Amino acid sequence: MNSDAVDALAVTFNWSRVASASPVTPQEVEFNHDAIAIVKRVPDQLMTSVYSREIVIFGLVTHLNRHSDDETGRVGVQALIQRRSRIAWMDLPDADHHEAVRCHDSRIPVRVRGTLNSPPGGSATMQVAGVGPDPFLRQ
């Protein structure tokens with residue numbers, strides 16, 4: 001984009017009915033000439049920003065990995081993350097790993113609370129504060 005030839009940049013949005021914006025979200029945003037340099041940096045920020053927040057996810061244990069000498073076990077939970085079905089990976093201590101195995105074997109959904117880190121194009125990981133069966137999502 002040749003920013004010298006642009007006086008303003010207007011951006012409009014068509015939201016999905018499934019993932020619609022809140023009613024107070026504007027349908028159009030306009031940037032004046034002075035803001036164009038900032039707008040040019042947006043793609044770089046979006047491609048490198050890591051989504052990280054305290055969250056509770058609900059899903060099924062789909063992956064289990066633990067060697068006999070490991071202090072923790074690697075677990076993958078299939079869940080909706082940022083409105084997409086993804087696997088969140090976590091390392092669980094002994095008791096929590098055994099609980100994840102039990103839920104996996106019985107197909108019992110789990111509830112996981114912790115800090116989710118999701119880099120663009122990378123694997124979602126969680127530092128877990130609590131994990132256990134979710135009796136409300138039982139199949």
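The figures that follow rest on heavy atoms only: side chains count, while hydrogens, waters and symmetry mates do not. The residues of the chain are indexed from 1 along the displayed sequence. Note that the structure is a prediction, hence the values are computed from the model and not measured.
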Partner residues of Asn117 under the side chain to side chain donor-acceptor pair (under 3.5 Å) criterion, sequence neighbours left out: Ser52, Gln127
Point-to-point distance, once rounded to the nearest 0.5 Å, from CZ of Arg53 to OG of Ser118: 12.0 Å
Step-by-step side chain to side chain contact (heavy atoms under 4.5 Å, CB included) determination, Phe31 to Ile38: CA-CA 10 Å; Phe31 300 93; Ile38 295 169; over 6 Å; no
Gap between atom CD1 of Ile81 and atom CD1 of Ile57 - 0.5 Å precision: 5.0 Å
Atom pair CG/CD of Asn14 and Gln27 - distance to nearest 0.5 Å: 7.5 Å
Check: Gln78/Ser85 side-chain N/O donor and acceptor closer than 3.5 Å: yes
Asp7 CG to Leu9 CG distance, which is reported to the nearest 0.5 Å: 11.5 Å
Step-by-step side chain to side chain contact (heavy atoms under 4.5 Å, CB included) determination, Val110 to Asp134: CA-CA 5 Å; Val110 294; Asp134 185 359; 5.8 Å; no
Thr125 vs Met90 side-chain heavy atoms within contact, under 4.5 Å: no
Worked verdict on Leu92 versus Val128 for side chain to side chain contact (heavy atoms under 4.5 Å, CB included): CA-CA 8 Å; Leu92 299 178; Val128 177; 3.8 Å; yes
Side chain to side chain donor-acceptor pair (under 3.5 Å) partners of Thr25, counting only residues at least two apart: Ser22
In one Ile/Leu/Val/Met/Phe/Trp/Tyr side-chain cluster, 4.5 Å: Val39, Val29: yes
Shortest non-hydrogen contact from Arg86 toward Gly122: NH2-O, 2.8 Å
Single-linkage hydrophobic cluster Leu64~Val77, side-chain heavy atoms < 4.5 angstrom: yes
Residue list, side chain to side chain contact (heavy atoms under 4.5 Å, CB included) with Ala10, at least two apart or on another chain: Glu28, Glu30
Where Leu116 and Ala124 come nearest, the two heavy atoms and their spacing: CD1-CB, 4.0 Å
CA sep, side-chain torsions, deciding dist, call: Ile108, Arg102, side chain to side chain contact (heavy atoms under 4.5 Å, CB included): CA-CA 8 Å; Ile108 297 171; Arg102 186 183 71 77; 3.7 Å; yes
Same cluster (ILVMFWY, side-chain, under 4.5 Å), Val112 and Val101: yes
Side chain to side chain contact (heavy atoms under 4.5 Å, CB included) partners of Glu54, counting only residues at least two apart: Arg113, Thr115
Heavy-atom pair of closest approach, residues Gly132 and Glu99: CA-CG, 4.5 Å
Residue pairs involving residues 60-82 (criterion salt bridge (Lys or Arg N to Asp or Glu O under 4.0 Å); sequence neighbours excluded): Arg66-Asp94, Arg74-Asp91
Pairs touching residues 64-93 that satisfy ring-ring contact (aromatic ring centres under 6.0 Å, His included), sequence neighbours left out: His63-Trp89
For the student: nearest non-hydrogen atoms of Val75 and Ala100, plus distance: CG2-CB, 4.1 Å
